[in-house]
Chemist: 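After the structure tokens below, expect a handful of questions from me.
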Amino acid sequence: HASNHTYTMTANSQSTPSPALLVATGVALGVAATALLQTLVVSSITQQSETTSANHHHKKKSASSFPLELRQEQLSRHTLFFGENGMSQLKNAKVCVVGAGGVGSHTVCSLIRAGVGYLRVIDFDQVSLSSLNRHACATLEHVGIPKVTVLALYASQLCPDSQYLTVDTRVEMYTVERGHELLQLNDDHTNDDQWDMIIDCIDDVPTKAQLIYDAWKLRVRCLSCMGAAGKADFTRLHMSDLKSASRDPLATKLRQCIKKLIPTKAEADEFMEDADRLAICFSSEKTVQKLADFTPEQKESGTALADFGAVQGMRIRILPVLGTMPAIMGQALAATCLTELAGQPFQPVTGERVGRNVRNKLFQKLTTREDKLRHQLLQDYNVTNPVDIERYKTLGGAMELVEDDNDDATNNVNDGQHKKFVWMGPLQIDGDDIEYILEVWKGRCAITGARLGVVLELIRWDESRPSTCDNLILVANHAKKTWDENGRNPQHLDWGIRHKIEAKLATCRPDSKA
């Protein structure tokens, strides 16, 4: 930064420098001083970054420079939120974030503050003046410095002790050739250790697709951010699978790229529909601002336009960005990562809210189905006592049934026969719970994964249990027909489908308001 100089001038002095000369001299001194200061700052920050970036498997044990009680107080609010066990899981977690710009910097800063033990941050780019409107912690003094180095400095100012926090920075572009090595956790290039999460905050589609493909090969959970530029409505942000993303040109291009990378179409489709393996943050808002036009200089260059890109093959035209959007999307990725790592995942709303009429129809169809099932079973098993009928209808309860191989009711349990219990009673949910259940199943058939062009209904998974939110699945009409033909028994489904459904139900609350 240029120093302030005071000049004393008299009106009659013939040797007084001209104002233009003084300005030129001041500018020259300012530029020289700024360059020198920047060099010193880069050197200082780089040294600190290298200290905190030592590989966590091989770093030397040293005395703590940050007292434990201070660290505990620093994380006390998160400890109240996640509990001791959750915080222990965060401390032992290993997270890799690729891309440290507007989205990535906010994600990393939140992970740093939250208690994640090991972070690797990869980005080749430097802080520019135009990136200060959206970078989480960069200031004027950081212009020209690698973005990851700035984040490492920020981390050292919050937690200077590597036994609590290690930020491993890589000032490098993620490429096909270097990707494998950049994702290695061990210096000996073995796969003995594994990432708990990979977070993609890249804005270049081919590079983004390559990172997601590498995560797919490693079978590591991946979070990815779609386009934040040209949008402003934060109420239209969603976390979902890649296939569900709408009104996002980046997501459309990404799907095409991933289909080319993953060997078979079936594998690619399955991966892009599985939010448990790849979850994306996207905005369903229609883009309100378009790319900036080419500058006159770029237009005059003709075929030499590629020379204007920061890196060969990357976007040339400038994206208009409202700084709040990448910040909110970065925080959304961080929230998803932290809650999952700490064992408290939430169930995100995955798309546009379903209308009241659709929710009411689902509720009415489920009510009708349960009434018919109760009536049929009471009839089949000759339950004629009005008191018993009224009890099952209003209070509910488990009815013991005896079946043989022909599914005929009998009063004795002989060879080839078995007992089963069927819960019969009124619905245990209301209309408000329907929206929660739709969010759980992301508007898809739990059995086939179908979403578009199908009629969906709700059915009970385990008939021995009541119709609570954690015992209801969303199914397409044709899947429901097959389900009923097979005796409403989950055992007729493939093991993989059963396991996936039961794992999802295990994360549900019995009541959406619980």
Chemist: Salt bridge or not between Arg488 and Glu463? Use side-chain N to carboxylate O under 4.0 Å.
Modeler: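 Yes, this pair counts.
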Chemist: Could you walk me through whether Ile429 and Cys469 pass the side chain to side chain contact (heavy atoms under 4.5 Å, CB included) test, one step at a time?
Modeler: CA-CA 7 Å; Ile429 65 168; Cys469 292; 4.0 Å; yes
Chemist: Listing request: all salt bridge (Lys or Arg N to Asp or Glu O under 4.0 Å) pairs with a residue in residues 99-109, at least two apart in sequence or in separate chains.
Modeler: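 Pairs touching residues 99-109 that pass the test: none.
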Chemist: Distance-only, no hydrogens or angles: does the Thr107 side chain make a donor-acceptor pair with backbone N or O of Val103 under 3.5 Å?
Modeler: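 Yes, Thr107 side chain to Val103 backbone: donor-acceptor pair under 3.5 Å.
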Chemist: What side-chain donor-acceptor pairs closer than 3.5 Å can you find for residues 490-501, not counting sequence neighbours?
Modeler:
{"residue": "His492", "atom": "ND1", "partner": "Asn489", "partner atom": "O", "Å": "2.6"}
{"residue": "Arg498", "atom": "NH1", "partner": "Leu493", "partner atom": "O", "Å": "2.8"}

Chemist: Any non-hydrogen side-chain atom of Met173 less than 4.5 Å from a side-chain atom of Thr207?
Modeler: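 Heavy-atom side-chain distance check passes, below 4.5 Å.
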Chemist: Go through Ser284 and His238 one step at a time and tell me if the side chain to side chain contact (heavy atoms under 4.5 Å, CB included) criterion holds.
Modeler: CA-CA 8 Å; Ser284 60; His238 313 281; 2.9 Å; yes
Chemist: For Asp168, does its backbone N or O pair with a side-chain atom of Arg120 as donor and acceptor, under 3.5 Å?
Modeler: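 Absent.
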Chemist: Would you please name every residue forming a side-chain contact (heavy atoms from CB on, under 4.5 Å) with Glu172, sequence neighbours left out?
Modeler: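 Only Arg178, Leu182 meet the side-chain contact (heavy atoms from CB on, under 4.5 Å) criterion with Glu172.
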Chemist: With side chains defined as the heavy atoms from C-beta onward, is the minimum distance between Leu165 and Leu158 less than 4.5 Å?
Modeler: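 Leu165 vs Leu158: side chains apart.
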Chemist: Would you say His106's side chain and Arg134's backbone share a donor-acceptor pair under 3.5 angstrom?
Modeler: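 Yes, His106 side chain to Arg134 backbone: donor-acceptor pair under 3.5 Å.
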Chemist: So Trp483 and Val475, do their side chains get closer than 4.5 Å, heavy atoms only?
Modeler: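 No, every pair of side-chain atoms sits at 4.5 Å or beyond.
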Chemist: Keeping Arg255 on the side-chain end and Leu242 on the backbone end, is there a donor-acceptor pair under 3.5 Å?
Modeler: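 Yes.
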Chemist: When you check the gap from the basic side-chain N to the acidic O, do Arg460 and Glu370 get nearer than 4.0 Å?
Modeler: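 Salt bridge flag = yes for Glu370 with Arg460.
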Chemist: Could you report the tightest heavy-atom contact between Val95 and Cys337, atom names first, then the distance?
Modeler: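 Heavy-atom minimum between the residues: CG2-SG, 4.1 Å.
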Chemist: Could you tell me whether the side chain of Asn471 and the main chain of Ser467 form a donor-acceptor pair under 3.5 Å?
Modeler: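 The answer is no, because no donor-acceptor pair under 3.5 Å joins these two groups.
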Chemist: Test of understanding: with side-chain contact (heavy atoms from CB on, under 4.5 Å), list the residues that count as partners of Cys109, not counting sequence neighbours.
Modeler: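 Counting only residues at least two positions away or on another chain, Cys109 forms a side-chain contact (heavy atoms from CB on, under 4.5 Å) with Ala136, Cys137, Leu151, Tyr154.
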Chemist: Donor-acceptor pair, Asp484 side chain versus Lys481 backbone, under 3.5 Å?
Modeler: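 No.
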Chemist: Salt bridge check, Lys231 against Asp233: does any charged N sit closer than 4.0 Å to a carboxylate O?
Modeler: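 Between Lys231 and Asp233 there is no salt bridge, as every charged N stays at least 4.0 Å from the carboxylate O atoms.
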Chemist: Check side chain to side chain donor-acceptor pair (under 3.5 Å) between Asn133 and all other residues, then give those that pass, not counting sequence neighbours.
Modeler: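 Expected list: none.
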Chemist: For Asp274, enumerate each residue passing the salt bridge (charged side-chain N to carboxylate O under 4.0 Å, His left out) test, keeping only those at least two apart in sequence or located in another chain.
Modeler: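 Not a single residue meets the salt bridge (charged side-chain N to carboxylate O under 4.0 Å, His left out) criterion with Asp274.
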Chemist: What pairs with Lys259 under side-chain contact (heavy atoms from CB on, under 4.5 Å), at least two apart in sequence or on another chain?
Modeler: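 Partners of Lys259 under the side-chain contact (heavy atoms from CB on, under 4.5 Å) test: Ala268, Asp269, Met272.
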Chemist: Given 3.5 Å as the limit, does a donor-acceptor pair link the side chain of Lys147 with the main chain of Gly101, or not?
Modeler: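 No, Lys147 side chain to Gly101 backbone: no donor-acceptor pair under 3.5 Å.
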Chemist: From Ile434 CD1 over to Gln364 CD, what is the distance, rounded to the nearest 0.5 angstrom?
Modeler: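 Spacing of CD1 (Ile434) from CD (Gln364) equals 9.5 Å.
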Chemist: Keeping the roles fixed (side chain from Gln428, backbone from Pro466), state whether a donor-acceptor pair exists under 3.5 Å.
Modeler: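 Flag not set: sc Gln428 to bb Pro466 has no pair under 3.5 Å.
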Chemist: Is there side-chain contact between Val97 and Leu333, with at least one heavy-atom pair below 4.5 Å?
Modeler: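 No, side chains not in contact.
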Chemist: Out of Arg71, Arg77, His78, which residue meets the side chain to side chain donor-acceptor pair (under 3.5 Å) rule with Gln74?
Modeler: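 Between Gln74 and the candidates, side chain to side chain donor-acceptor pair (under 3.5 Å) is satisfied uniquely by Arg71.
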Chemist: Has the side chain of Thr367 got a donor or acceptor atom that lies under 3.5 Å from a matching backbone atom of Phe363?
Modeler: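 At least one qualifying donor-acceptor pair exists.
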Chemist: Within a strict 4.5 Å, meaning less than it, do heavy atoms of the Leu278 and Asp241 side chains meet?
Modeler: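 No - every pair of side-chain heavy atoms lies 4.5 Å or more apart.
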Chemist: Extract all donor-acceptor atom pairs below 3.5 Å that involve side chains of residues 210-228 and protein atoms in other chains or at least two apart in sequence.
Modeler:
{"residue": "Gln210", "atom": "NE2", "partner": "Asp214", "partner atom": "OD1", "Å": "3.1"}
{"residue": "Asp214", "atom": "OD2", "partner": "Tyr174", "partner atom": "OH", "Å": "2.5"}
{"residue": "Arg221", "atom": "NE", "partner": "Glu340", "partner atom": "OE1", "Å": "3.0"}
{"residue": "Arg221", "atom": "NH1", "partner": "Ala275", "partner atom": "O", "Å": "2.4"}
{"residue": "Arg221", "atom": "NH1", "partner": "Asp276", "partner atom": "O", "Å": "3.3"}
{"residue": "Arg221", "atom": "NH2", "partner": "Glu340", "partner atom": "OE1", "Å": "3.4"}
{"residue": "Arg221", "atom": "NH2", "partner": "Glu340", "partner atom": "OE2", "Å": "2.5"}
{"residue": "Ser224", "atom": "OG", "partner": "Asp200", "partner atom": "OD2", "Å": "2.4"}

Chemist: Give the C-alpha distance, both sets of side-chain angles, the deciding distance and a yes or no for side chain to side chain contact (heavy atoms under 4.5 Å, CB included) between Ile199 and Leu111.
Modeler: CA-CA 11 Å; Ile199 303 179; Leu111 298 182; 4.1 Å; yes
Chemist: Please list, chain by chain and in numerical order, all residues satisfying side-chain contact (heavy atoms from CB on, under 4.5 Å) with Thr339, sequence neighbours excluded.
Modeler: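 In terms of side-chain contact (heavy atoms from CB on, under 4.5 Å), with neighbours along the sequence ignored, Thr339 is linked to Phe82, Phe346.
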Chemist: I would like to know whether Cys159 and Ile112 meet side chain to side chain contact (heavy atoms under 4.5 Å, CB included); could you show each step before the answer?
Modeler: CA-CA 8 Å; Cys159 181; Ile112 288 171; over 6 Å; no
Chemist: Taking side chain to side chain donor-acceptor pair (under 3.5 Å) as the definition, give me every residue that meets it alongside Thr468, ordered by chain and number, with sequence neighbours left out.
Modeler: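 Partners of Thr468 by the side chain to side chain donor-acceptor pair (under 3.5 Å) criterion, ordered by chain and then number, come out as Asp470.
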Chemist: What residues form a salt bridge (charged side-chain N to carboxylate O under 4.0 Å, His left out) with Lys365, not counting sequence neighbours?
Modeler: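 Partners of Lys365 by the salt bridge (charged side-chain N to carboxylate O under 4.0 Å, His left out) criterion come out as none, since no residue qualifies.
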Chemist: Who pairs with Lys480 by salt bridge (charged side-chain N to carboxylate O under 4.0 Å, His left out), at least two apart in sequence or on another chain?
Modeler: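 Checked Lys480 against salt bridge (charged side-chain N to carboxylate O under 4.0 Å, His left out); matches are Glu457.
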